[in-house]
Amino acid sequence: VSVIGCALLHHPVKDREGKTVTSAVTNLDVHDIARSARTFGLARYYVVSPVEVQHVLVQRIIEHWTTGAGRRRIPARHEALTLVGSALSLQAAVADFTERCGQVPKLIATAARPPEGRELTTFGAFRQRLEGGEREAYLILFGTGHGLADWVLQAADVLLEPITGQGYNHLSVRAAAAIVFDRLLGQR
Ligand code: SAM
């Protein structure tokens, strides 16, 4: 059976002009995506940022909810936050996940507007691959800002098709993560 993690990248992500920038970690992204990851049985959720002081923030959030006052108040949140790890780079997250699950994860990128020229994998096809039974490790990548840098989208092993609604296409990363997890792992 596959082991699946996810990573929220704050670098390298695009700004409005498509330049590569670093975005700030938000408390909401840590909590919300941790709860979705827990709900759908992911093994790990990496908050990736090259900014050291942002790790202090992530570690403080984790500690508050896994050992501090938060744990006593809302124990269920403890379960979700124990999935969270912070990493200085995607490479560091991959290294940590490799160590934890004993094999190098394949990178699964997501994008609202995928770049031209890259073949997209449908949710259905990837779900079948997950249910295929061979033991694989996967890391699903989400962006912030205006999305993952193009080189990440090009370098990933799989680029998932975008979630398409009815035209408007500006989902928050929190909403997109929950939808992606449900399409790939939710009970049907
Ligand atoms: N500032 C925004 C926020 O607060 O969420 C971040 C936007 S960022 C582009 C949203 C990220 O969510 C993308 O990098 C991608 O990982 C995912 N995402 C958003 N819309 C999506 C869609 N329609 N299909 C697939 N993934 C999507």
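This is a predicted model, so every value here is computed, not measured. One-based numbering, in listed order, for ligands and for the atoms of each.
- Within the 4.0 Å heavy-atom cutoff, Ala175 does not count among the residues contacting ligand 1.
- Put simply, no part of His170 is less than 4.0 Å from ligand 1, judged by heavy atoms.
- Counting only distance, with no hydrogens or angles, the side chain of His55 and the backbone of Ser49 share a donor-acceptor pair below 3.5 Å.
- Remark: side-chain polar atoms of Arg118 are paired, donor with acceptor, to backbone N or O of Leu153 under 3.5 angstrom.
- Using a distance-only test at 3.5 Å, with no hydrogens or angles considered, a donor-acceptor pair links the side chain of Arg127 to the main chain of Arg183.
- Taking the ring centroids of Phe181 and Phe142, they lie under the 6.0 Å cut-off.
- Residue-to-ligand polar distances place Thr110 within reach of ligand 1: an N/O pair is separated by less than 3.5 Å.
- With a heavy-atom cut-off of 4.0 Å, Val180 does not touch ligand 1 at all.
- In the displayed structure, Arg44 atom CZ is contacted under 6.0 Å by more than 12 heavy atoms of other residues, nucleotides or ligands.
- With respect to atom 24 (N) of ligand 1, the closest heavy atom belonging to the protein is Ile163 N, 2.8 Å.
- Atom numbering of ligand 1 starts at 1 in the shown order; those under 4.0 Å from a heavy atom of His146 are 9 (C).
- Around atom CD of Glu99, no more than 12 heavy atoms belonging to other residues, nucleotides or ligands sit under 6.0 Å away.
- Close approach of ligand 1 to Phe142 is summarised as follows: ligand atoms under 4.0 Å from at least one heavy atom of the residue are 16 (O).
- Checked against Lys14 for a side chain to side chain donor-acceptor pair (under 3.5 Å), the options Asp150, Thr20, Thr144 give a single hit: Asp150.
- Near Pro162, with a cut-off below 4.0 Å to any heavy atom, the atoms of ligand 1 are 24 (N).
- Residue Ala111 holds the heavy atom nearest to atom 25 (C) of ligand 1 of all those in Gly143, Ala176, Pro114, Ala111.
- Geometrically, ligand 1 and Asn169 share a nitrogen or oxygen pair separated by less than 3.5 Å.
- Looking at Asn169, its side chain does come within 3.5 Å of a backbone N or O of Ala112 through a donor-acceptor pair.
- With Gly165, Ala177, Ala112 as candidates, the residue nearest to atom 21 (C) of ligand 1 on a non-hydrogen basis is Ala112.
- A 6.0 Å sphere centred on CZ of Arg16 holds no more than 12 heavy atoms belonging to other residues, nucleotides or ligands.
- Nearest to atom 7 (C) of ligand 1 by heavy atom, out of Ser172, Gly147, Gly145, is Gly145.
- Remark: the backbone N or O of Phe97 is paired with a side-chain donor or acceptor of Tyr46 at under 3.5 angstrom.
- The shortest N or O to N or O distance between Leu141 and ligand 1 is not below 3.5 Å.
- Looking at ligand 1, you'll find an N or O of Val173 within less than 3.5 Å of one of its N or O atoms.
- The ligand atoms of ligand 1 that sit less than 4.0 angstrom from a heavy atom of Arg174 are 4 (O), 5 (O).
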